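Report on the following structure.
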2 protein chains.
Amino acid sequence: MEHGTSYKERKVITIGVVSELTGLSERQIRYYEERKLIFPERSPRGNRKYSFADVEQLVDIANKREEGVQTFEIRQEMLKEKKKEEAKNIKKEMLRGQINARFGVQKN
Amino acid sequence: MEHGTSYKERKVITIGVVSELTGLSERQIRYYEERKLIFPERSPRGNRKYSFADVEQLVDIANKREEGVQTFEIRQEMLKEKKKEEAKNIKKEMLRGQINARFGVQKN
DNA sequence: CGTGTAAGGAATTCTGACACG
DNA sequence: CGTGTAAGGAATTCTGACACG
């Protein structure tokens, strides 16, 4: 990766565009941030900037909300997902460690 | 593709962010549009929106300009590139036609 | 030709708050 | 709890123009 993040992860979209893209109001988008469901970056002046991944996350949140799921519960589910991901990554790293130990020591 | 365009092509970035990303002034970015080097979309209200592909294009343009290449010349080069792409695509389509003619008629 | 800048107006975004439920 | 809204201010964006070169 040339810049640390892919197009999908780079935070470059302003809240107005996110609102158009998701159909959510800016109020809703800001509230979901308050509830720690979404984590925009800030421009120098303080404007929120979102990634495509954030937009997709928001669409998921919107669907859950329509089903009546509360933001608190959505947060719980997100944390579970995150742990699963971490477990996966640890397995990968262990495997990599095994391979390096036997076949050589390429950093990264 | 789920929406006609990939993350790279979707026009969602405002001119201020493009300016930060490229280091070009808004004035320059608008001028390159005037010279038909770049083609942002417009939001409902009229604000320009760019894609990551546009951002990369602008970086290329900036490099050419530093070398003293004029916008007119840059445009010429772009048109040449475009023709090459089209020629490639025509070849692909012809090949596909050949295959369909011999082995079956799957549309698309 | 390519870019800076001041100008004026319209739309954007931000925060903190009140409202309803 | 989740969302709407009015409030006031600061930053954003737009266009058309003058300037310099």
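This structure is a prediction, so every number in the text was calculated from the model and none was measured. Chain A is the first sequence line, chain B the second, and so forth, proteins listed ahead of strands; every chain is numbered from 1.
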Has B:T14 got a side-chain N or O lying under 4.0 Å from the OP1 or OP2 atom of D:dT13?
-> yes
Closest non-hydrogen atom pair between A:T71 and A:L37, with its separation | O-CD2, 3.7 Å
So, is B:Y32 near the phosphate of C:dT3, with a side-chain N or O under 4.0 Å from OP1 or OP2?
-> yes
Under 3.5 Å on both distances, the Watson-Crick or G-U partner of C:dT3 | D:dA19
Say whether B:I61 and B:V69 are linked into one hydrophobic cluster, either directly or through other cluster members, by side-chain heavy-atom distances under 4.5 angstrom.
-> yes
Select one nucleotide: of C:dG2, C:dC14, D:dT13, the one nearest the side-chain heavy atoms of B:T71.
-> C:dG2
Among C:dG9, D:dG4, C:dT13, which is the nearest nucleotide to the side chain of A:E26?
-> C:dT13
Within the pair A:Y31 and D:dT3, is there a side-chain N or O less than 4.0 Å away from OP1 or OP2?
-> no
Identify which nucleotide among C:dT5, D:dT13, C:dT13 has an atom closest to any side-chain atom of B:R27, counting heavy atoms from C-beta outward.
-> C:dT5
Min side-chain heavy-atom separation B:K36-B:R75 under 4.5 Å | yes
Where the side chain of B:R45 is defined as all heavy atoms beyond and including C-beta, which of D:dA11, D:dG2, C:dT12 is the nearest nucleotide?
-> C:dT12
Minimum-distance nucleotide to B:R42 side chain [options: C:dT13, D:dT15, C:dG2] = D:dT15
So does A:F39 have more than 12 non-hydrogen atoms from other groups sitting under 6.0 Å from CZ?
-> yes
Knowing that exactly one of A:K49, A:K8, A:K11 qualifies, which makes a side chain to side chain donor-acceptor pair (under 3.5 Å) with A:D54?
-> A:K11
For DNA chain D, whose closest nucleotide is more 5', that of B:G16 or that of A:R65?
-> A:R65
If we call it a pair only when both distances are under 3.5 Å in a Watson-Crick or G-U wobble match, what pairs with D:dG8?
-> C:dC14
Return the 5'-most residue of the pair B:N47, B:S25 with respect to DNA chain C, ranking by each residue's nearest nucleotide.
-> B:S25
Using atom CD of B:E33 as one end and atom C1' of C:dT3 as the other, report the distance to the nearest whole Å.
-> 16 Å
For D:dC14, take OP1 and OP2 only and decide whether either is under 4.0 Å from a side-chain N or O of B:R30.
-> yes
Ignoring backbone atoms, test whether B:R48 places a side-chain nitrogen or oxygen under 4.0 Å from the OP1 or OP2 oxygen of D:dC14.
-> yes
